[in-house]
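Computation of the quantities below employed the complete heavy-atom set of this structure, encompassing side-chain atoms and omitting hydrogens, waters and symmetry-equivalent molecules. For this chain, numbers begin at 1 and follow the sequence in order. Note that ligands are numbered from 1 as they come in the structure, with each ligand's atoms numbered from 1 the same way.
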Amino acid sequence: MGRHLISARDLSKEEVESLWTLYREFKGGRRELLEGDVALLFLESSTRTRLSFEKACRLLGLRTYYVGRGESSMEKGESFYETVKTLGALGFGAFIFRVPFVFFPYGQYLGEGMALINAGDGTHQHPTQGLIDLFTALEVFSTLEGVKVVYFGDLLHSRVFRSGAYLFKLFGARLGVCGPRTLVPADLSPFGVEQVFDSPEEAIEWADLCVWLRLQEERFQENYVPSKESYFLQFGLTAERHKKLKGYFMHPGPVNLYVDVEAQVLYSQKSLVLEQVRNGLFVRMAVLYRAIANG
Ligand code: CP
């Protein structure tokens, strides 16, 4: 895949290790100015991904051009393929996109001379968030070999799970999931999940690291849970469950309070939520550096 980053599954362990080295250097204060123009097209809302990508571009000396929902010619019926061709013709060095649809297959999109960087596509992939979660965990555990990671909640709609599970597995972690059966994919074999828990208490007992996910109601096509209140009581990180955590918990954000996580524990000593946000800047600097400096 070279400079592109569309799916975490395209990354070999060596490529992730090379991104890890860049990430550590940028986090340690390395600063280097590149030359180029970066287009950002966000057809879905975003706070941390958009702003950390924009900030990462500016720290690297890259010029940013932002197009939001309702602003592109896709509103007038232009396809995503024609959009990519157009941005390539305009000479952008990289194109960062967040879209509500699954971007797959993508082979035919890769020849425009600019790097394609996926900032979240439908329920498919969110590779930079997967790298954030992996690198945040690597800083806590040093090695993930045999570390037991459990994802909680809405796995069915989670591109964060699809990217992160692959990367955790690549680094030797053991995987579990816990959520309503309606929100757990029927076939977990592509992810190497070895434990499916119905009880959060049992999952917490097993886990070294817990990752809560957001209940993605905007993607619901039917009522997957009886109510948000019952979902929180059955599967959310309540204060009572938080007491039982053996180690840290993560959440990629945005967090729905009292749906995913109880407010009083969100920024507790066991929380890595803000560390994930902080690390996002350096992950995105690493990904942009790989995309532009080697272009
Ligand atoms: N984690 C994540 O993608 O957050 P945003 O939607 O705020 O970018």
Side-chain angles (χ1 to χ4, degrees), residues 5-9 11 19 23 38-59 64 66-71 94-103 116-139 149 151-168 179 183 209-220 236-237 248-257 259-261 263 266-267 271-288:
L5 182 56
I6 296 169
S7 169
R9 300 185 83 90
L11 293 169
L19 284 167
Y23 159 85
V38 177
L40 298 101
L41 174 72
F42 275 60
L43 302 183
E44 282 187 346
S45 58
S46 166
T47 299
R48 50 197 64 57
T49 309
R50 175 193 163 173
L51 291 176
S52 58
F53 261 124
E54 283 202 58
K55 186 166 176 180
C57 284
R58 288 172 198 197
L59 286 172
T64 58
Y66 180 79
V67 182
R69 189 167 44 186
E71 294 174 349
F95 174 33
I96 301 167
F97 57 88
R98 169 167 288 196
V99 292
F101 51 82
V102 169
F103 183 48
L116 297 184
I117 301 176
N118 183 359
D121 66 317
T123 56
H124 179 219
Q125 282 282 317
H126 194 347
T128 53
Q129 185 66 50
L131 289 167
I132 291 168
D133 300 349
L134 177 77
F135 292 174
T136 304
L138 275 172
E139 287 178 337
V149 179
Y151 281 88
F152 290 81
D154 183 358
L155 292 114
L156 189 66
H157 301 105
S158 181
R159 55 199 181 199
V160 172
F161 166 68
R162 286 178 178 77
S163 292
Y166 167 79
L167 293 169
F168 275 117
L183 291 173
L209 174 66
C210 296
V211 185
W212 260 268
L213 299 166
R214 182 171 66 86
L215 192 70
Q216 298 193 36
E217 281 190 288
E218 76 275 20
R219 301 195 201 280
F220 280 20
L237 181 56
Y248 290 105
F249 78 91
M250 301 203 290
H251 189 304
V255 176
N256 286 332
L257 295 176
V259 179
D260 313 326
V261 179
L266 181 58
Y267 303 122
S271 170
L272 291 169
V273 170
L274 290 179
E275 191 59 15
Q276 289 168 276
V277 175
R278 278 188 280 272
N279 291 342
L281 177 65
F282 308 112
V283 165
R284 288 170 179 133
M285 287 178 83
V287 167
L288 282 160

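- Listed by chain and number, the residues in a side chain to side chain donor-acceptor pair (under 3.5 Å) with Arg284 are Ser52, Thr128 (sequence neighbours excluded).
- Within ligand 1, counting atoms from 1 as listed, the ones closer than 4.0 Å to a heavy atom of Gln129 are 1 (N).
- Near Thr47, meaning under 4.0 Å from one of its heavy atoms, ligand 1 places the atoms 5 (P), 7 (O), 8 (O).
- Within a 6.0 Å radius of OH in Tyr166, other residues, nucleotides and ligands contribute more than 12 heavy atoms.
- Considering only residues two or more places apart in sequence or on other chains, Arg9 meets the salt bridge (charged side-chain N to carboxylate O under 4.0 Å, His left out) condition with none of them.
- Set against the non-hydrogen atoms of Thr49, the atoms of ligand 1 under 4.0 Å away are 2 (C), 3 (O), 4 (O), 5 (P), 8 (O).
- In terms of protein heavy-atom proximity, atom 4 (O) of ligand 1 is closest to Arg48 CG, 3.1 Å.
- Using a 30° and 60° split on the angle between ring planes, Phe135 and Tyr23 fall in the tilted class, from 30° to 60°.
- Using cut-offs of 30° and 60° on the angle between ring planes, the pair Phe95 and Phe97 is tilted.
- When atom types are taken as modelled, the side chain of Asp260 and the backbone of Leu237 share no donor-acceptor pair closer than 3.5 angstrom.
- Taking only nitrogen or oxygen atoms, main chain and side chain alike, Pro252 reaches within less than 3.5 Å of ligand 1.
- Arg98 counts as a contact of ligand 1, since one of its heavy atoms falls under 4.0 Å from the ligand.
- Across the listed options Arg50, Glu44, His126, His126 owns the non-hydrogen atom lying nearest to atom 3 (O) of ligand 1.
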